[in-house]
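Inspection log for the structure reproduced underneath, given as structure tokens.
Residue numbers count from 1 along this sequence.
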Amino acid sequence: MCGIAGILTESIDLREEKPMIENISKTLKMRGPDAKGEYVTADTALIHRRLSVIDVENGSQPMRFGKYIIVYNGELYNTEEIRDELKSFGYLFDTHCDTEVVLKAYDKWKEESVKKLNGIFAYAVYDEKDKSLFLARDRIGVKPCFYAKVGNLFAFASRISSLLCIPQIKPIVNEEGLNEIFMLGPAKTIGKAIFRDISELAPAHYMVYKNGEIRISQYWKLEAKENHETADEAIEHTYSLVKDAIERQLVSDVPLATFLSGGLDSSIISKVASDYYKEKGMELDTYSVDYTDNDKYFKKSLFQPNKDSDYIHLVSDAIGSVHHNVVLDNRDVADALADSAIARCVPGFADVDSSLMLFCKEVKKNFTVCLSGECADEIFGGYPWYHRKEILFEECFPWARSTAARRNILKPGFLKNGEDYLHNAYEQTVALTSYLDGESRLEKRMREMFVLNLNWFMQTLLARKDVMSMESSLEVRVPFCDYRLVEYAYNMPWEIKALDGREKGILRKAFENELPYDIVWRKKSPYPKTHNPVYFDCVCKLAQQALDDKACPLHDMLNISAVKDLMNHPDSMTEPFYGQLMQTPQVLAYIYQIYVWIQNYNVEFEL
């Protein structure tokens with residue numbers, strides 16, 4: 001993986017802006033610590049930082065072919081198929097990297113080329129002749145891409161902080177941005193980036209920038225299609241698609257491992273990867289994360305019914321992996337809240353972010369690439385809200401059904417249109433759903449839930465995984481995000497998807513002969529968080545820092561007494577702030593991260 005950025009402008013001579021270009025490059029260094037490259041003319045700058053994974057010796061960027069120059073961040077999983085097709089048209093290749101394949105595919109098929117790519121990516125192709133730029137992002141949105149247009153200056157980057165290095169782009173947040181933070185956060189609307197001047201290129205979209213004009217097109221979307229498979233056929237189809245997606249993502253010229261929580265999804269990935277490695281006479285390394293004394297303080301809940309630590313070694317022993325358990329100190333997790341918020345460039349995901357960042361730093365000591373299980377719950381119906389009828393048909397985001405916890409921490413009257421903003425975001429997402437004629441109310445709602453989860457809950461997790469892993473210069477791949485698998489799951493009848501009345505029933509049946517019984521039929525459990533009171537004490541102190549700073553704009557947005565009451569009575573918050581992952585400690589951490597974000601980026605508010 002890599003970091004990319006670029007500027008097109010007529011108002012300044014970019015050859016005289018070396019300090020700014022160098023600052024942009026520095027913001028991308030952790031995404032690409034192995035090499036850097038730049039293409040700079042009077043009106044154009046393309047910036048690249050490389051994390052070398054495939055064809056380490058070659059593949060330097062920006063890469064040129066004819067009049068086209070590319071900066072690319074990503075990984076293709078059908079590189080050989082596209083390369084062979086291009087060879088049939090007479091194209092020759094100097095490297096084994098996928099960057100050259102993407103570049104020459106654009107030369108051959110132009111805008112249509114992105115439809116041929118199966119992978120995770122964000123890239124830009126600059127046409128030197130007509131001074132236009134083509135910018136594209138993968139279908140699911142695994143790799144980030146942000147852009148800004150201010151006057152006659154256009155810029156894009158993998159990170160928001162890179163764009164903020166450009167003086168014309170201001171760190172201003174208006175009421176819309178505040179609604180994103182307080183009504184939706186840590187989620188955000190696809191296409192938005194909190195800051196007024198910055199937007200996000202949505203997943204499955206490409207952009208053409210030419211003569212000061214932006215044209216954006218969608219090249220892929222979920223479409224309802226008939227599926228007449230029997231349950232047995234669906235089991236076989238699911239197995240083959242999942243296995244193929246995983247095996248395609250095991251290709252690497254540098255050391256590779258898997259994340260293993262002891263849950264179904266990571267166990268499937270680790271099992272397939274282990275078998276693949278054994279065929280090559282190699283052992284797979286697996287990694288899990290936990291917290292100091294977490295077993296001692298664990299509390300069972302609807303969302304977290306059991307501990308990962310009870311299951312991990314069942315899988316590791318069964319597949320024969322070399323397992324590493326990373327135990328994080330609770331104070332370190334709290335201390336890392338600031339760095340993780342700064343890395344995300346928008347208010348973060350509390351310790352769900354900071355713990356992952358610390359975990360990835362440990363993994364990076366020995367590995368450069370990992371596979372992780374994100375997306376399976378979203379596409380195969382793994383979350384409780386798919387299965388609880390009292391939640392399923394509510395017209396709201398099921399992971400944030402009430403704004404009570406959000407309103408409680410805000411000053412009365414602040415963001416008075418917040419609920420309308422939230423509901424509009426919900427309705428606009430549901431409107432994207434594709435149905436078949438004659439489908440039942442349940443089947444239609446399951447399609448809507450699929451779209452809601454794909455466009456919201458999963459986007460939050462993917463942004464977290466990308467930023468926190470790349471902050472450690474670790475590439476994390478997500479096989480369940482293979483668009484072929486997503487399309488297939490979208491059109492699977494619910495009674496087959498929830499086979500045997502279980503969440504992810506079809507996935508369990510597909511791999512029931514591959515893993516221990518207790519793993520296959522284990523109740524869904526989310527990413528582990530700390531239950532240690534030491535962490536709560538730490539975040540209370542950090543949140544108090546934010547409350548005490550009366551000069552910070554955040555002070556005038558919060559209901560100070562309500563936040564203090566939350567510190568003193570943590571069990572008073574009965575409704576989750578954001579699904580299973582944010583309770584009182586995480587809400588306090590979120591407040592602190594907003595504070596750090598405002599201070600670090602000198603955020604101004606326009607109300």
Side-chain angles (χ1 to χ4, degrees), residues 231 234-247 249 257-276 284 286-290 300-321 323 370-387 450 453 457-458 461-462 465 476-482 485-486 488-489 492 494 496-529 579-581:
I235 290 169
E236 183 177 344
H237 196 168
T238 299
Y239 178 85
S240 63
L241 265 179
V242 170
K243 187 170 184 286
D244 182 66
I246 296 167
E247 290 181 342
Q249 300 191 24
T258 66
F259 291 169
L260 176 61
S261 69
L264 179 68
D265 314 329
S266 66
S267 298
I268 289 172
I269 291 172
S270 297
K271 165 62 175 171
V272 173
S274 179
D275 289 349
Y276 182 91
L284 176 73
T286 52
Y287 279 81
S288 61
V289 63
D290 206 345
K300 178 191 281 191
S301 69
L302 171 67
F303 290 115
Q304 197 152 11
N306 44 51
K307 307 189 300 288
D308 286 346
S309 56
D310 295 338
Y311 294 87
I312 291 167
H313 284 287
L314 281 177
V315 185
S316 179
D317 292 346
I319 68 176
S321 71
H323 189 70
C370 279
L371 269 61
S372 183
E374 273 79 6
C375 193
D377 288 307
E378 285 81 3
I379 70 174
F380 286 115
Y383 293 120
W385 47 75
Y386 278 99
H387 302 271
F450 192 109
N453 279 270
F457 205 79
M458 197 177 82
L461 296 179
L462 289 176
K465 182 57 62 74
V476 178
R477 301 172 181 175
V478 278
F480 285 105
C481 287
D482 188 306
L485 192 55
V486 173
Y488 176 62
M492 187 184 295
W494 178 248
I496 292 180
K497 189 180 293 187
L499 215 54
D500 297 328
R502 286 299 305 273
E503 71 281 1
K504 296 184 287 193
I506 187 70
L507 195 59
R508 297 178 191 276
K509 290 294 291 184
F511 286 88
E512 68 176 344
N513 296 322
E514 303 284 315
L515 293 165
Y517 177 90
D518 288 346
I519 299 301
V520 172
W521 299 105
R522 179 190 176 190
K523 190 73 175 173
K524 155 73 182 170
S525 191
Y527 175 83
K529 63 184 180 184
Q580 70 270 41
L581 297 172

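Side chain of Y239 to main chain of L507: no donor-acceptor pair is present (N/O by atom type, distance under 3.5 Å, no hydrogens or angles). Checking side-chain atoms of H387 against main-chain N and O of G381 turns up a donor-acceptor pair under 3.5 Å. Listed for the S274 side chain is a donor-acceptor partner under 3.5 Å among the backbone atoms of I319. Within the 3.5 Å criterion, the main-chain N or O of A234 finds a donor-acceptor partner in the side chain of T238.
Note that the CG atom of L260 and the OH atom of Y311 stand 13.5 Å from one another [nearest 0.5 Å]. For the atom pair CE (M458) and CG (N453), the distance works out to 9.0 Å, reported to the nearest 0.5 Å. If you take OG on S266 and CD1 on I519, they are separated by 8.5 Å, rounding to the nearest 0.5 Å. L485 CG to C375 SG: the interatomic distance, rounded to the nearest 0.5 Å, is 7.5 Å. Here the OG1-CG distance, from T286 to L371, works out to 12.5 Å after rounding to the nearest 0.5 Å. Here the OG atom belonging to S267 is positioned 8.0 Å from the CZ atom belonging to R522, to the nearest 0.5 angstrom.
Using cut-offs of 30° and 60° for the angle between ring planes, the H237 and Y488 rings count as tilted.
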Under the criterion side chain to side chain contact (heavy atoms under 4.5 Å, CB included), I'd like the reasoning laid out for W521 against L264: C-alpha separation, chi angles, the key distance, then a yes or no. CA-CA 8 Å; W521 299 105; L264 179 68; over 6 Å; no
For S372 and R477, what are the C-alpha separation, side-chain angles and deciding distance, and is it a side chain to side chain contact (heavy atoms under 4.5 Å, CB included)? CA-CA 6 Å; S372 183; R477 301 172 181 175; over 6 Å; no
For L284 and Y276: C-alpha separation, side-chain torsions, deciding distance, then whether side chain to side chain contact (heavy atoms under 4.5 Å, CB included) applies. CA-CA 9 Å; L284 176 73; Y276 182 91; over 6 Å; no
Walk me through it: do I379 and K497 pass the test side chain to side chain contact (heavy atoms under 4.5 Å, CB included)? CA-CA 9 Å; I379 70 174; K497 189 180 293 187; 5.9 Å; no
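Judged by distance alone, the side chains of S270 and T258 do bring a donor and an acceptor atom under 3.5 Å apart.
Under a 4.0 Å N-O distance rule, the pair R508/D500 does not qualify as a salt bridge. Residues K271 and D275 are paired through a salt bridge, judged by an N-O separation under 4.0 Å between the basic side chain and the carboxylate.
Considering every non-hydrogen atom in both E374 and L461, the closest pair reads CG-CB, 4.3 Å. The nearest pair of heavy atoms linking H323 to S316 is CB-OG, 3.3 Å. In plain terms, the two heavy atoms of I312 and S261 that are nearest each other are CG1-O, 3.2 Å.
The side-chain heavy atoms of P479 and I269, taken from C-beta on, include a pair separated by under 4.5 Å. You'll find the side chain of I506 reaches within 4.5 Å of the side chain of I235, heavy atoms only. Counting heavy atoms from C-beta outward, F457 and E378 have side chains that approach closer than 4.5 Å. Looking at heavy atoms from C-beta onward, K504 lies in side-chain contact with D265 at the 4.5 angstrom threshold. You'll find the side chain of V476 reaches within 4.5 Å of the side chain of F259, heavy atoms only. Residues R502 and K509 have side chains not in contact (no heavy-atom distance under 4.5 Å, counting atoms from C-beta outward). When side chains are defined from C-beta on, V520 does not count as touching F511, because their heavy atoms never get closer than 4.5 Å.
Heavy-atom neighbours of H313 NE2 from other residues, nucleotides or ligands within 6.0 Å: at or below the threshold of 12. Residue K243 qualifies as open at atom NZ: its count of foreign heavy atoms under 6.0 Å is 12 or below. Around the CD atom of E512, the shell of radius 6.0 Å holds more than 12 heavy atoms that belong to other residues, nucleotides or ligands.
Aromatic pair F450/W494: ring centres not closer than 6.0 Å.
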